[in-house]
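Notes for the one structure printed next.
Here the structure is a predicted model, which means the values were calculated and not measured. A, B, ... follow the sequence lines: proteins, then strands. Residue 1 opens every chain.
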Amino acid sequence: MELDSLYQEVILDHYKNPLHKKLKSSYSAQVHHVNPSCGDEITLNVTLEGGLVKDVSWEGVGCSISQASTSVAADLMIGKTLEQALSAVESFSALMSSKGTAAGDEEILEDGVAFAGVSKFPARIKCALLGWMAFKDAALQSTGK
Amino acid sequence: MELDSLYQEVILDHYKNPLHKKLKSSYSAQVHHVNPSCGDEITLNVTLEGGLVKDVSWEGVGCSISQASTSVAADLMIGKTLEQALSAVESFSALMSSKGTAAGDEEILEDGVAFAGVSKFPARIKCALLGWMAFKDAALQSTGK
Amino acid sequence: MMRSNFSPAEIREDFAIFAKTMRGGNRLVYLDSGATSQKPRQVLDAERNFYENSNAAVHRGAHLLAEEANAAYEGAREILAGFLNAEVNEIVFTKSATESINALAYSFGNSAPGSKFALAPGDRIVVSLLEHHANLIPWQQLAKRTGAELRWFGITPEGRIDESNIDELINDRTKIVAITHQSNVLGTIVPLSNIVAKAHKVGAVVVLDACQSAPHFAIDVKKLDIDFLAFSGHKALGPTGIGILWGRENLLNAMEPFLTGGSMIETVTMTDAKWAAAPKRFEAGVPNMAQAVGLAAAIKYLENLGMDKVAEHEAQLTAYALDKFSNLRGVEVVGPKESKDRGSVISFTMAGIHPHDVGQVLDQYGVAVRTGHHCAWPLMKELGLVGTTRASFYIYNDEADVDVLIESIERAQKYFKV
Amino acid sequence: MMRSNFSPAEIREDFAIFAKTMRGGNRLVYLDSGATSQKPRQVLDAERNFYENSNAAVHRGAHLLAEEANAAYEGAREILAGFLNAEVNEIVFTKSATESINALAYSFGNSAPGSKFALAPGDRIVVSLLEHHANLIPWQQLAKRTGAELRWFGITPEGRIDESNIDELINDRTKIVAITHQSNVLGTIVPLSNIVAKAHKVGAVVVLDACQSAPHFAIDVKKLDIDFLAFSGHKALGPTGIGILWGRENLLNAMEPFLTGGSMIETVTMTDAKWAAAPKRFEAGVPNMAQAVGLAAAIKYLENLGMDKVAEHEAQLTAYALDKFSNLRGVEVVGPKESKDRGSVISFTMAGIHPHDVGQVLDQYGVAVRTGHHCAWPLMKELGLVGTTRASFYIYNDEADVDVLIESIERAQKYFKV
Ligand SMILES: Cc1ncc(COP(=O)(O)O)c(C=O)c1O
Ligand SMILES: Cc1ncc(COP(=O)(O)O)c(C=O)c1O
């Protein structure tokens, strides 16, 4: 069933038990992103220290894809260098626009490769990208400081 | 040829030699009407006296139909009672919306019956009505005074 | 000719799209007519016939094609006037209800200070919490531009208009009351008589958003006694790109125009222009002629079915569906739960599954529904929801469609293990 | 696949309307493409295919039909972007050029005081005497609403833009220069490089009315270096009810929206709204999807012919016609009499016969032309004319059509004995 290529087990797990979903009170940048077409909203905090992503925490409402994807992104970014983190965002974006032709690099994206199937459902790509774009925005705002 | 039912000899004659086409300096009402879709314009003076149409004169630019029709209307109205004149306007309007099914009453409309064929050419009905509507407007304005 | 009994199966034969195979090899169960309806071949044929036989710019030529185009276009206006029990000159063709409502808001905004339509600081515009963005943001922005105040009717727990403070809301400074006829989210039908009476008493005009009503039950603008009405053709079996703005003739002719350009003028100089009478005043440019003709064919199709039959069919289907919904565990219908004074739009939420995920599973079974905030974000916030899943019914739907919907909802629960 | 040589006869086979019998049993000689073009079956098929296979509201659903509708609609945007050498996000679908130009005028009018687009008393908008009402009245009214001053380029005796006072006209207070690319009355093609350079030097934006150019020759918005452009689909083989507004992305994203409602927002509360980025910001409501898809098919049809071939064909036909006209006694071509820097629109007057009567006689012979002021009343007054008869050519016309036109003109002279 096509549905299974969208809703991988990993995704449903992250959806049920999202990681880092509780805003920390200290952060170097906080952003609020919305997906206007469906109403999903997310607030995301990033703490950068010495070129390293020290912490990511978030809060928000949304579908399984957006929630799971943010959970995966947050967990992936923590501990990475800013450069590695931003390049992971680029990899993930490329995967999302692959129209089902790419599998994603597990070295870089870890659990993120579970979202490869989303790229075949154009209406859901925005959902999968929400958390990653929020992270990118927050990270760049932090360095801008 | 369908064209001949539109351009009766009478019409072409009035077009070449329009009657009362020179504005008189005295009048009880003056109106200016335009046909916005083609740009035809007409200025028309009416003199009413004791319930009688004493005089009608006009000036304007327009196609053969609008010019001839105004010429016919002006000549017809002069000397009529206001009541007769307005009822002639109604007869002429009815003729114009007859879609080619009516011939018009020559007793009432005189040369006006030559325009019966216009009712088969929807785009030209406005042209034929221009002078008649201007007359009606001016006559009513006169009585309003 | 009236069809003697109402047969969705027979109706579906006029709609080629129902022959399409959907995801998972399923047939199409189209429950998204609230967003846009499907189109019968009669409508598509009428448009094509216009292009292939009478295509020319209306109002602009003396040639035969222009005459025919004009007759087709003005004929469409007559059919729409009949549909609403309006006068022919009161029907303005726009591109959509969104344009119709914006046209009004801008026309009011363009009025000279002191005119009947001009708004000044302290004047008031009244809407409701039920509004679609299209009947909210234009008024909100007009209020901002003019300094007028925007106020709104709240809702009862059941999702009906709360009229308890109507006397406070609609006061002497109220100039415009803009309200939806039927909520596109909850299905609530708004009772108009009190609101219209109160508005007219204080000299305000009533603008009705009929997007979700005109396609579904008979509307008589004279009986409703409203002043303006808007709806979109594409939700009423018609083509995209056509909407209706109806207004009382004396009001339309006293208003400033919205779009300016060709065919809406009396005279023009470089520095000034005089306006033509309605409806031309509000139809600048070469109009969406084929779409007007297509919409007229859609209206004829509906009238052939009979608007009362359409309403009855939808009411039965809605009652059937509401009954089925009431037996589903973990599924909550948002809005009126019985069929009185509600249309055929059913919004619901599911415990533990986000609407977007519900929609996705339903799609796998050929069921097309809409999910999200339905362009009624303030209503969602009021209800404390991020969104709903919405099924909306029309003439081509039947009980079998509802059954597939209900089964698919249960499958979604199984899929997401809730 | 490019057609190897340009064959109007072959092209006409794609247009069902040419099979129609006109007044007097004549074939259709359609010389009114300046008002609206005819539509090839490829366009009608594309629209119908959209309705029968992918019809759903774009941007609003997660189901398969909505995905397909979205792909079709956004695919159309890409084709239009390619046609103008623009970026995809710079293409806004409107209902017509008239709406596109009004959208700009209202967006400027909605700007906060002090913003780049806001106009204040003493600011200046520059147009020309050649403008169609659609590119005049919106600016005239914007000037009235804001207290800005409207100024205009005059014309030379030949009907070309008089640029002699450009330095006086376009000054430091000039915010907008809105000008036609090709006159719909005279055929004059307006040379843009000086005007654009001068406008940009003083910080003004340039709005191009490309209604009579985009359908007829290749346009590259980057090369022209303009800021905004408008044209109508129905004059470019496309459906009615669709227009294009192109604008530089950074400008569009800095502007206030025009129509407000669904799908053009970022967030909404009862009292406030934030706007989405372009193009969505300017596309409120369910868009004219089928028409966008139809227009894309029209553009593909034109690109398949090759826009340079289209221009070459029209130039040859115009030269042929101008030559024939020069031999007619009592007939005066209004506007440039040789084919350099002019399009395929020929206006003329006839001694002793009013344009309306000329058109009527031509109609009797199957020849469809337009008569009157062509929505350019100030230009007519400047020329001292009440109107002209206008023949305009397109891809389906050939020399035989011109011959019928010329014969019919001579017949009109005989009929009216002039
Ligand atoms: C030069 C020009 N500008 C603007 C327009 C207006 O186009 P539309 O009526 O399709 O909006 C036209 C055609 O009518 C035109 O020829
Ligand atoms: C109640 C209501 N009002 C307004 C609209 C806007 O209609 P459109 O997008 O066709 O302009 C809709 C549908 O989208 C609606 O349901």
Legend entry - Part of Leu259(C) lying under 4.5 Å from any heavy atom of chain D: both

Legend entry - Options Thr371(D), Val286(D), Leu150(D), ranked by heavy-atom pairs under 4.5 Å with chain C, top entry: Val286(D)

Legend entry - Contact winner vs chain C - Thr98(D), Asp32(D), Asn102(D), Asn288(D), heavy-atom pairs under 4.5 Å: Asn102(D)

Legend entry - Residue part contacting chain D, namely of Pro287(C), when any heavy atom lies under 4.5 Å: backbone

Legend entry - Gln141(C) versus chain D, the contacting section by heavy-atom distance below 4.5 Å: side chain

Legend entry - Which residues share a ring-ring contact (aromatic ring centres under 6.0 Å, His included) with Tyr51(D), sequence neighbours left out: none

Inset, instruction - Please look at Ile101(C) and chain D and tell me whether the side chain, the backbone, both or neither of the residue comes under 4.5 angstrom of a heavy atom of that chain. - result: neither

Legend entry - Region of Asn110(C) in contact with chain D, defined by heavy-atom distances below 4.5 Å: side chain

Legend entry - Test item: side-chain donor near acceptor, Asn55(C) and Tyr30(D), under 3.5 Å: no

Inset, instruction - Against chain C, label Leu362(D) side chain, backbone, both or neither, depending on which of its atoms sit under 4.5 Å from a heavy atom there. - result: neither

Legend entry - chain D contact via Ile242(C) - which portion, at a heavy-atom distance below 4.5 Å: neither

Legend entry - Lys/Arg-Asp/Glu bridge criterion (N-O < 4.0 Å) met for Glu67(C), Arg23(D): yes

Legend entry - Region of Gln140(C) in contact with chain D, defined by heavy-atom distances below 4.5 Å: side chain

Legend entry - Under 4.5 Å from any heavy atom of chain D - which part of Asp357(C): neither

Legend entry - Heavy-atom proximity to chain C below 4.5 Å, by part of Glu47(D): side chain

Legend entry - Neighbour count >12 (heavy atoms, 6.0 Å) for atom NZ, Lys274(D): no

Inset, instruction - Could you go through the salt bridge (charged side-chain N to carboxylate O under 4.0 Å, His left out) check for Lys20(D) and Glu68(C) one step at a time? - result: CA-CA 13 Å; Lys20(D) 187 175 165 114; Glu68(C) 292 184 1; 2.6 Å; yes

